[in-house]
Amino acid sequence: MSIFRKLSWYFRLEWRRYLTGIIGLLLTALIAIIPPRIIGNMVDGIHGQSMTGRLLLIDLGLITLAALAQYGTRYIWRNAIWGGAAHLEQLLRNRLFNHFMRMDRVFYQKYRTGDLMAHATNDLEAVQRVAGGGILQFADAIITGGTTLIAMMTLIDWRLTLLAIIPFPFLAVISWYLGQKIHRAFGESQAAFSRLNNKAQESISGIKVIKALGQDDADVADFDSQVDRTIDINRRVNRLDSLFDPSITLVISISYVATIVLGGLFVVHNVITIGNLVSFISYLAMMVWPMFAVGMLFNTMERGNASYDRVMELLEQKTHIIDQTDGITERPQGTLDYHVSQFDYPDDAGASLKRIDFTLPAGHTLGIVGRVGAGKSTIMKLILREFDNYNGEIIFGGHNIKDYALDSYLPAIGYVPQESFLFSTNIFENIRFARPEATKEEVEAAAAKSDLAGQIDNLPAGYDTQVGEEGISLSGGQRQRLAIARALLINPELLILDDALSAVDAETEAEILANLKAERANKTTIISAHRLSSVMNADEIIVLDDGHVIERGTHDELMATHGWYQRMFNQQQLETQVKGGVQ
Amino acid sequence: MADKPYESAWAHSMTTKEQVTVIGRLFKFAAPYKWFFIVSVILSATISAVNVFLPWLLQMYMDRYLRTSNATLAIMWMFAGLYFLGMVTRAIMQFWQNYTSTMGAEYMLENVRRKLFSQLHKKGMRYFDQTPGGSILSRLMNDTMTFSNFWALLNTLMLATFAVISSFIAMAATDMTVALWTLILVPFLALTIWYYQHYSSKVYRRMRERLSELNTKLAEAITGISVIQEFRQEKRTATNFEKTNEAYYDTRKAMIRTNSLLLSPIINLFYALGTVIVLSIFGIRGLHEVVAAGVIYAFITYLNNFYSPMSNMMDSLSDFQNGMVAGSRVLKVVDDQTLAPAQHPVADAKITQGKVEFRHVTFAYDQEHPVLKDVSFVAEPGQTVALVGQTGSGKTSTINVLMRFYEFQSGEVLIDGRDIREYPAEELRSKMGLVLQEPQLFYGDIQTNIRMFNPAISDDQVQQAAHFVQADEFIERLPQGYATPVLERGTEYSAGQRQLITFARTVVTDPKILILDEATANVDTETETMIQNGLDRIQENRTTIAIAHRLSTIQNADLILVLNQGKIVERGTNDELMAQHGYYYDMIQLQNAAHAE
Ligand SMILES: Nc1ncnc2c1ncn2[C@@H]1O[C@H](COP(=O)(O)OP(=O)(O)O)[C@@H](O)[C@H]1O
Ligand SMILES: Nc1ncnc2c1ncn2[C@@H]1O[C@H](COP(=O)(O)OP(=O)(O)O)[C@@H](O)[C@H]1O
Ligand SMILES: [Mg+2]
Ligand SMILES: [Mg+2]
């Protein structure tokens with residue numbers, strides 16, 4: 001029952017809807033009593049030759065009226081209760097979505113995409129079932145079950161009723177028991193489905209490797225064996241599922257036996273009329289669903305409760321980033337002063353950054369290099385306010401970046417990661433993601449600056465070409481250039497390219513860097529890269545290792561020190577010559 | 001090109017003729033399991049007969065014995081026993097009917113998946129170039145599921161038909177006149193079904209579209225959250241989502257309204273009106289003569305049997321169109337003729353030497369724009385041939401042709417002096433080892449990733465291979481060594497580690513010909529040194545065709561081919577090319593200059 005209490009805020013909010021629904025259900029149940037009773041009376045009337053034309057007309061009129069009224073009341077409760085459930089789902093889904101939008105990196109590290117999706121779909125589904133099916137089962141059990149039972153006891157015979165309904169509690173037990181088993185089996189079946197799905201996905205994306213290794217047949221055989229396992233699991237589901245109807249049949253057959261014998265005795269001994277017996281059998285059929293509903297109700301509530309708790313747990317998570325909504329609202333501009341003495345990732349004790357200091361005047365470019373895991377991206381994440389728990393301060397345009405309202409701070413920064421996300425829409429919308437009001441000309445200009453325009457023109461539908469899951473797949477270099485165009489479109493005060501040119505060739509890179517230099521005269525840029533040619537023209541280059549600076553200076557200064565930078569630069573120089581040298 | 005991916009899935013409705021063809025072909029998938037369906041049909045028919053028998057039994061009981069008050073306790077128990085027997089029989093048949101029909105559908109579904117999956121493996125790389133992986137997966141997993149629901153629909157349809165027929169026969173046998181009178185409602189019923197079908201399938205489809213749109217947006221918002229937050233687009237994204245959510249809620253409300261108006265409530269109404277018709281005729285007759293109570297009871301029960309499967313059937317009809325659309329999309333994949341290049345029908349040659357020769361090979365991916373033009377070269381057994389050239393010059397394409405991923409248009413590719421088509425595909429695959437630029441791992445563990453599916457490779461061989469490419473060092477440091485799990489795509493391993501595993505995978509098959517496509521391009525400079533040693537070792541004693549940017553690989557090559565726009569513009573050994581004072585010469589000069597610095 002606790003789930004009904006937990007959802008009481010919603011029932012109170014939507015009390016009109018639920019009151020209408022319950023009244024509709026109650027009326028439906030009450031009206032349902034009428035026809036079997038009248039039919040019984042008519043049978044007796046005809047049987048006893050006491051039927052008159054007037055009586056017949058009244059009886060038929062009543063049944064017709066009851067049928068029409070029931071049509072109305074059924075419409076009312078269905079609309080109210082199912083509609084209420086759908087509305088609850090909508091409400092919770094919006095709430096979850098808005099919550100997701102506010103959550104920080106820590107949250108997204110704790111919960112994987114798949115889990116979040118599952119909470120927002122399966123769990124909400126289970127909760128809405130409480131507000132729909134659960135309410136219905138509850139009402140069915142009490143209202144329909146109760147009224148029918150009372151009708152059978154008072155209108156027909158209480159002894160016959162008690163005897164006939166002895167097996168009925170078993171219906172509740174069976175539906176509860178089978179319901180649980182099926183739920184579990186169904187969970188396994190879904191897991192089998194996703195295993196098969198992953199297998200297939202891996203084969204499709206790795207098709208070239210599989211073909212190259214000549215493993216087609218073996219891969220098909222592996223798929224087949226997974227399919228066999230899936231069939232085995234689904235066989236269990238189907239078997240359990242096929243048990244539902246037969247168990248109902250078996251349980252009520254006992255009631256029928258009781259009715260035939262005791263009811264027959266009562267008719268023969270004139271305790272009840274034959275018409276009563278006909279009514280009784282109809283009422284018996286009407287008791288099946290309410291009893292079944294009792295069992296199902298337990299399952300609905302149990303699942304709904306667990307799901308509701310999971311959803312609430314998500315909603316209770318707090319972000320660690322505090323947005324100064326009444327903070328500075330001007331656009332940050334000017335010098336970037338970065339002084340971080342230490343930073344650790346929240347779930348990782350070892351310091352990720354130590355004593356990072358640099359000052360980047362407006363219009364200057366900073367290069368950050370170092371091997372994988374040296375901390376290049378981490379430096380940028382702090383500028384982006386993904387984490388606030390560092391020692392030190394970052395000053396941009398004369399103010400601590402924590403003092404800005406996020407709404408004015410972040411739009412001044414264009415961040416391009418190595419792997420940027422593309423939304424399932426066309427290229428045009430993807431580029432103007434951060435500025436949906438941008439015109440065609442502006443988008444084209446941004447694409448030109450990131451050297452993507454020519455590539456887009458070669459695509460089947462140009463800027464209208466669909467990308468993302470179901471669209472065409474762009475190459476790594478094309479994706480990176482699209483992400484750069486996206487960032488350039490907002491004309492950021494600070495542009496951050498985090499290894500964002502790794503998949504484009506050296507020539508294109510040079511072109512893009514030249515464009516940036518020309519277009520962004522007074523704007524600041526930070527570039528991290530493996531390929532040192534990306535940063536060689538920067539005003540300052542810092543070399544990171546294990547979270548701290550091991551070398552710093554301009555390209556020429558670093559080349560003179562004969563350190564890591566110089567070694568790497570020479571090595572890469574050779575490779576570039578060999579790889580892309582033919583003009 | 002469709003601009004809304006989630007709509008395209010449901011967009012078109014098919015003509016009747018198309019539907020008939022699709023159904024015909026879908027039936028073929030079910031053919032191997034026909035016994036499941038036959039048994040299920042027979043049981044459905046028998047169940048509906050039992051459903052008629054039970055009310056008839058009660059009718060007999062009431063009219064013959066109770067009404068005339070000559071029922072003894074023995075007779076009562078006999079009827080109760082018969083009724084019980086009937087119910088037990090029905091229960092058993094219900095179980096098997098449901099079980100055979102769902103299992104038949106299950107087997108058919110998995111059969112289609114198996115067929116489709118093995119069909120996919122027969123398709124050429126071109127097919128995978130042109131079809132997004134996500135959509136192939138959706139055909140294989142989701143569409144097959146949708147059209148297996150189609151069989152559940154046939155099942156309810158069949159049950160409903162048998163119920164309707166058997167109850168009508170029973171009514172007619174009980175009283176022909178009254179049975180005929182009940183038919184008055186049938187045109188109205190048919191109209192309702194038609195209207196519901198017409199209207200609800202539209203609403204239903206729209207609801208499904210919006211749901212999938214909703215879930216797509218949700219998934220994208222979660223995976224793209226950093227982009228959304230960095231560009232401060234939370235509000236816009238949320239508003240947009242709320243709009244979709246609202247739209248979904250609207251169609252759901254419409255669906256609820258439609259179902260409340262036209263589904264079980266209206267079927268209940270029809271049943272009640274049918275009862276009124278039956279009762280009025282019996283009642284009018286009852287004014288003059290006796291009408292047996294059992295007859296009335298039986299009649300009303302038959303009427304119930306007639307109507308009760310209706311709403312179920314109407315409900316599942318909504319799936320009909322989806323099943324058809326899904327089925328036709330699955331068939332489209334099956335029919336696609338973008339097949340992998342074929343070998344000669346009786347190909348039985350064996351690769352013994354490992355000599356590779358291209359003679360005037362011309363190749364275009366699209367049959368129109370050649371990306372390789374008149375390419376000729378020979379790699380003698382044990383030699384290393386290096387391909388160099390700009391991005392897009394045709395290096396990978398050369399390898400694609402040699403690997404038989406694509407069919408070339410003219411010229412000859414020879415291995416050990418014989419046409420490459422004379423070797424069976426398995427022979428080519430087992431004697432040619434390809435290492436790709438992007439190392440790809442599969443779900444399993446380290447060991448299965450080296451051995452892949454080949455059971456002939458022993459644990460010992462796996463470890464030797466790992467040792468050979470010097471991957472054993474890091475593998476043995478892993479918590480479970482060779483049994484350490486690899487999750488999807490192996491993202492928990494660094495690019496270098498992944499590449500070493502794929503080297504071991506190639507070495508363990510002991511190929512005669514080794515093919516390397518920039519196997520070290522995507523890793524940072526330090527990881528590369530780790531890979532290089534492994535790479536040097538696997539080239540020993542093998543013919544190697546390598547796209548490489550490492551000078552040492554190229555300098556030691558027996559033949560260097562310089563490609564430009566699909567043509568070989570320079571060729572020779574290191575010394576020969578140095579003497580030519582061409583591109584290669586310039587390159588080496590640069591290298592020396594860099595070293596001198
Ligand atoms: N979200 C995170 N939580 C914990 N540790 C992290 C996280 N992101 C990165 N790290 C760790 O911090 C270090 C620096 O990583 P990163 O800044 O991404 O390096 P780079 O960009 O130079 O390759 C690495 O050791 C990495 O494993
Ligand atoms: N799968 C493909 N389908 C169509 N065209 C392709 C495909 N792969 C490569 N191409 C085109 O063929 C040409 C040669 O490419 P490729 O052989 O990959 O060059 P390289 O490996 O030297 O960089 C390029 O113009 C490229 O766009
Ligand atoms: Mg990084
Ligand atoms: Mg290539």
Side-chain angles (χ1 to χ4, degrees), chain A residues 43 46 51 56 60 63-64 67 71 74-75 78-79 82 86 90 94 97-98 101 113 116 197 200-201 204 206 209 212 214-216 218 220 223 227 234 238 242 245-246 249-250 253 257 260-261 264 267 274 278 410-411 415 421 434 461 469-470 505 530 570 573-575 577-580 582, chain B residues 1 5 66 69 76 79-80 83-84 87 91 94-95 98-99 102 106 110 117-118 121 128 133-134 136-137 140-141 222 224 227 230-232 234 238 241-242 245 249 252 256 260 265 269 272 276 280 283 286 291 293 296-297 389-391 429 434 440 452-453 524 526 549 564 587 590-591 594:
Chain A
V43 168
I46 294 168
M51 181 61 82
L56 182 66
L60 289 176
I63 298 183
T64 314
Y71 182 61
R74 281 197 166 114
Y75 174 78
R78 277 170 173 267
N79 241 343
W82 299 133
Q90 183 205 13
N94 272 346
F97 191 89
N98 278 293
M101 288 294 106
T113 308
L116 293 178
N197 196 58
Q201 182 172 23
I204 293 167
V209 177
Q215 299 251 333
D216 301 71
V220 170
F223 184 80
V227 163
N234 286 338
N238 289 338
S242 304
D245 284 351
T249 304
L250 283 182
S253 70
V257 168
I260 289 172
V261 177
V267 172
I274 195 157
V278 172
L410 285 177
Y415 175 69
F421 184 77
E469 279 291 300
E470 292 259 327
D505 57 64
H530 283 299
N570 286 341
Q573 198 56 17
L574 301 180
E575 285 156 11
Q577 300 298 348
V578 178
K579 212 171 149 187
V582 188
Chain B
M1 189 128 197
L66 292 189
S69 293
M76 288 174 191
F79 271 98
Y83 199 91
F84 185 69
M87 292 287 266
Q94 272 175 330
F95 175 81
N98 202 331
Y99 187 66
T102 48
E106 170 73 18
E110 304 298 356
F117 192 76
S118 68
H121 279 286
F128 297 95
I136 300 178
L137 189 66
L140 178 66
M141 298 303 295
I222 296 171
V227 178
E230 271 138 25
F231 287 113
R232 213 58 195 148
E234 295 97 324
F241 181 81
E242 280 170 16
N245 200 5
Y249 174 61
R252 226 173 119 182
I256 292 169
S260 307
L269 183 64
V276 170
S280 32
V291 180
I296 298 178
Y297 162 76
Q390 266 186 300
T391 310
R429 299 307 184 208
L434 171 70
Q440 186 136 23
M452 290 301 283
F453 297 107
D524 62 287
E526 293 189 11
H549 57 276
N564 189 22
M587 195 170 75
L590 273 166
Q591 176 206 355

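In this text the structure is predicted, and so the values were computed from the model without any measurement. Values below: all heavy atoms of this structure, side chains included; hydrogens, waters and symmetry mates excluded. A, B, ... follow the sequence lines: proteins, then strands. Residue 1 opens every chain.
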Participant: Give, as side chain, backbone, both or neither, the part of Phe79(B) having an atom under 4.5 angstrom from any heavy atom of chain A.
Facilitator: both

Participant: To the nearest 0.5 Å, what is the distance between CG on Leu137(B) and CD on Gln201(A)?
Facilitator: 5.5 Å

Participant: Against chain A, work out which of Ile222(B), Thr102(B), Asn245(B) has the most heavy-atom pairs shorter than 4.5 Å and name it.
Facilitator: Asn245(B)

Participant: Is it the case that the side chains of Glu242(B) and Asn98(A) hold a donor-acceptor pair, with the cut-off being a distance below 3.5 Å and no angle test?
Facilitator: yes

Participant: Any chance you could measure Phe223(A), atom CZ, to Glu110(B), atom CD, to the nearest 0.5 Å?
Facilitator: 7.5 Å

Participant: Under a 4.5 Å heavy-atom cutoff, which of Arg429(B), Arg232(B), Gln94(B) has the most pairs with chain A?
Facilitator: Arg232(B)

Participant: So what's closer than 4.5 Å to chain A heavy atoms on Phe95(B): side chain, backbone, both or neither?
Facilitator: both

Participant: Taking Asn238(A) for the side chain and Tyr99(B) for the main chain, is one N or O donor matched with an acceptor at less than 3.5 Å?
Facilitator: no

Participant: Ignoring hydrogens and geometry beyond distance, is a side-chain donor-acceptor pair present between Asn234(A) and Glu106(B) at under 3.5 Å?
Facilitator: yes

Participant: So for Val261(A), is it side chain, backbone, both, or neither that comes closer than 4.5 Å to the heavy atoms of chain B?
Facilitator: both

Participant: First locate atom CG of Leu140(B), then atom CG of Asn197(A), and finally report the distance between them rounded to the nearest 0.5 Å.
Facilitator: 8.0 Å

Participant: Looking at every non-hydrogen atom in both residues, tell me the closest pair between Ala86(A) and Ile256(B) and how far apart they are.
Facilitator: CB-CD1, 4.4 Å

Participant: Distance from Ser280(B) atom OG to Leu60(A) atom CG, nearest 0.5 Å?
Facilitator: 5.0 Å

Participant: Relative to chain B, which segment of Leu116(A) carries a heavy atom at a distance below 4.5 Å: side chain, backbone, both, or neither?
Facilitator: both

Participant: Would you mind checking which part of Leu410(A) comes under 4.5 Å of any heavy atom in chain B, side chain (CB onward), backbone (N, CA, C, O), both or neither?
Facilitator: both

Participant: Can you say whether Ile136(B) sits under 4.5 Å from chain A via the side chain, the backbone, both, or neither, judging by heavy atoms?
Facilitator: both

